[in-house]
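Working notes for the structure below.
Below, each value reflects all heavy atoms present in this structure, side chains not excepted, and no hydrogens, waters or symmetry copies.
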Amino acid sequence: ALALPVALLGKVCLLVRRFPIALKTGDTRFMRSYGFLFFRFRPHAHWYILVIMCRSVLVGLMPSVHGDIVQIYSLQIVWLACSATCIYCQPWRVPHLNFVDAFFSGVMIC
């Protein structure tokens, strides 16, 4: 059940690693194929798609964790880490979205 999400996350890790090289060389084929992963973020924060994907995988795995309290604390840790990363790095291309993302992450923590 985890094979597909882990494989997709691995592929995206490789694409994130290749992105700066493709940007410098002007690889239009790469940008047309995979630009949808990166166009939302500032160029210095192209890696933020990994934060979003890891958050999604971890939140999806929470029902498999035994114990209600452990699930709640685990979710809070995931959301807090993502919120702190967003506040610190300001990854979104549109500046207001950084605050919106941090706000809704804060709502999910409470």
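A22 and M31 make their closest contact through C-CE, 4.2 Å (heavy atoms, listed as atom of the first residue, atom of the second, distance).
Listed by first and then second residue, the salt bridge (Lys or Arg N to Asp or Glu O under 4.0 Å) pairs involving residues 4-31 are R18-D27 (not counting sequence neighbours). Under the side chain to side chain donor-acceptor pair (under 3.5 Å) criterion, the residue pairs touching residues 41-51 are Y48-D101, with sequence neighbours excluded. For residues 66-91, the side chain to side chain donor-acceptor pair (under 3.5 Å) pairs, not counting sequence neighbours, are Q90-N98.
Hydrophobic clustering (side-chain heavy atoms under 4.5 Å, transitive across Ile, Leu, Val, Met, Phe, Trp, Tyr) keeps I72 apart from L75. Clustering ILVMFWY residues whenever any of their side-chain heavy atoms sit less than 4.5 angstrom apart, transitively, puts L23 in the very cluster that holds L50. Residues M62 and V70 share a hydrophobic cluster, clusters being chains of Ile/Leu/Val/Met/Phe/Trp/Tyr side chains in contact below 4.5 Å. A single hydrophobic cluster is seen to contain both L8 and V51, as judged by linkage of ILVMFWY side chains at heavy-atom distances under 4.5 Å, directly or through other members. Tracing side-chain contacts under 4.5 Å through hydrophobic residues (I, L, V, M, F, W, Y), one never reaches L80 starting from F103; they form parts of separate clusters.
Residues meeting the side chain to side chain contact (heavy atoms under 4.5 Å, CB included) test with L61, sequence neighbours left out: L2, V57, S64. Residues satisfying the side chain to side chain contact (heavy atoms under 4.5 Å, CB included) criterion with I49, sequence neighbours excluded, are V12, V16, L37, F38, F41, M53.
Side-chain contact between F99 and I87: absent, with no pair of heavy atoms (C-beta onward) separated by less than 4.5 Å.
Checked by atom type and distance alone, the side chain of R93 pairs as donor or acceptor with a backbone atom of F39 at under 3.5 Å.
I77 belongs to no hydrophobic cluster with other residues, because no ILVMFWY side-chain heavy atom falls under 4.5 Å from its own, directly or through intermediates.
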Between R55 and S105, does the side-chain contact (heavy atoms from CB on, under 4.5 Å) criterion hold? Intermediate values first, please. CA-CA 11 Å; R55 178 183 68 192; S105 292; 4.3 Å; yes
